[in-house]
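Step one of this worksheet: look at the structure below.
We use all heavy atoms of the structure for the numbers below, so side chains are in, but hydrogens, waters and symmetry mates are not.
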Amino acid sequence: MATIVVHSQTSPVQDAEALRLAFKGWGADNKAIIAILGHRNVHQRQQIRKAYEELFEEDLIKRLESEISGDFERAVYRWMLDPADRDAVLINVAIRNGNKDYHVVAEIASVLSTEELLAVRRAYHNRYKRSIEEDVSAHTTGHLRQLLVGLVSSFRYEGDEINAKLAQTEANIIHESVKEKKGNNEEVIRILTTRSKTQLVATFNRYRDEHGISISKKLLDQTSDDFQKTLHTAIRCINDHKKYYEKVLRNAIKKFGTDEDGLSRVIVTRAEKDLRDIKELYYKRNSVHLEDEVSKETSGDYKKFILTLLGKHD
């Protein structure tokens, strides 16, 4: 369930003209920018961008980048992109920045459907003139490289069929690998990057039934290196991505100094999909509304924009 409150009776030409007006004078009218862009769905935003370019012979996204700044600018920039293009940008930033945010690559590759991931790979080609696999390979080594390349290039079957015997066998393979710590990682990578999500969930359930603990909790004891952390992310995203996103939000807010990048990533990418469900999970887990936490931990136009995407009315 989406959270954004969309104004349906709008004109892309009128919106483009209103944005142009918001850019005039000393400093942009950020309130007007939020009021327009924060209440338009992805189709409307693309129409506004097209109308703006036709009217003023200028790319709206580039103009926004020059008019606003900081966390607010980054969030608005990502919001304005087509979802596949946005994920391509997020993957590129995760691969190339100094923080080694490989878990973001695993997150996107594991949450998206097969067709969505294919669209992201095309968008990455178009934007960077390279493949995701090429960039992942250039920045990683060993098992981490094998896992990430496998995840981003996966073309999973998306049916509901489950092979119970296979789930048992592969739960045992994963258990042996985790138990040994230096077990057969190649087999675990093969399982995670080739099986359907339905089959993998059956395997994870089998593991929990057999060993009395979820595979993700077991892995928490061993997330000492980039490979283990990325493996943990992939398993959590495949198993229950909404629970995973709730924890990303919780960690982003509870940090000493809010992790605006993590907060923005989840809210911007899920606002038109299932952010309402993630918000409900957040409340159940923390006994506080996500909007209240965002209000407390953020400020300025960034805060106003994020709250708008969360569906909070002025």
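- The existence of a salt bridge linking Glu65 and Lys62 is excluded, since no basic side-chain nitrogen approaches an acidic carboxylate oxygen closer than 4.0 Å.
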Glu133 and Arg121: side chain to side chain contact (heavy atoms under 4.5 Å, CB included), yes or no, with the steps?
CA-CA 9 Å; Glu133 298 92 319; Arg121 292 172 68 192; 2.5 Å; yes
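- Between the side chains of Glu134 and Ser137, not a single donor N or O lies within less than 3.5 Å of an accepting N or O.
- Ion pairing of Arg49 with Glu53 is absent here, as no side-chain N (NZ or NE/NH1/NH2) approaches a carboxylate O to less than 4.0 Å.
- Between Glu58 and Arg20 there is a salt bridge, since a side-chain N of the basic residue sits under 4.0 Å from a carboxylate O of the acidic one.
- Using modelled atom types and a 3.5 Å distance limit, the side chains of Thr198 and Ser196 yield no donor-acceptor pair.
- Tyr124 and Asn92 share a donor-acceptor pair across their side chains, judged by distance under 3.5 Å alone.
- Partners of Asp71 according to the side chain to side chain contact (heavy atoms under 4.5 Å, CB included) rule, which considers only residues two or more places apart in sequence or in another chain, are Arg74, Glu260, Tyr302.
- No side-chain donor from either of Arg236 and Asn239 sits under 3.5 Å from a side-chain acceptor of the other.
- Salt bridge status for Glu170 with Arg206: absent, with no side-chain N to carboxylate O gap under 4.0 Å.
- The aromatic rings of His39 and His7 lie parallel to each other, their planes meeting at an angle below 30°, with 60° marking the opposite boundary.
- Salt bridge annotation for Lys296-Glu293: present, with a cationic side-chain nitrogen under 4.0 angstrom from a carboxylate oxygen.
- A pairwise comparison of heavy atoms in Arg276 and Thr3 identifies N-CG2, 3.3 Å as the closest pair.
- Between Trp79 and Phe305, the two ring planes are perpendicular [angle over 60°; tilted spans 30° to 60°].
- Using a cutoff of 4.0 Å between basic side-chain nitrogens and carboxylate oxygens, Glu67 and Arg63 are scored as salt-bridged.
- With a 4.5 Å cut-off on side-chain heavy atoms, Arg40 and Ile48 count as touching.
- With salt bridges taken as basic N to acidic carboxylate O contacts below 4.0 Å, none links Asp87 and Arg265.
- Between Lys303 and Glu297 there is no salt bridge, since no side-chain nitrogen of the basic residue lies less than 4.0 Å from a carboxylate oxygen of the acidic one.
- Between Arg122 and Leu118 there is a side-chain heavy-atom pair separated by less than 4.5 Å.
- By the criterion of side-chain heavy atoms lying less than 4.5 angstrom apart, applied directly or through intervening Ile, Leu, Val, Met, Phe, Trp or Tyr residues, Leu19 is grouped together with Leu55 in one hydrophobic cluster.
- Two residues are said to be in side-chain contact when any heavy atoms from C-beta on lie closer than 4.5 Å; Asp277 and Asp274 meet this criterion.
- Cluster membership for Leu166 and Tyr207, using ILVMFWY side-chain heavy atoms within less than 4.5 angstrom, is not shared.
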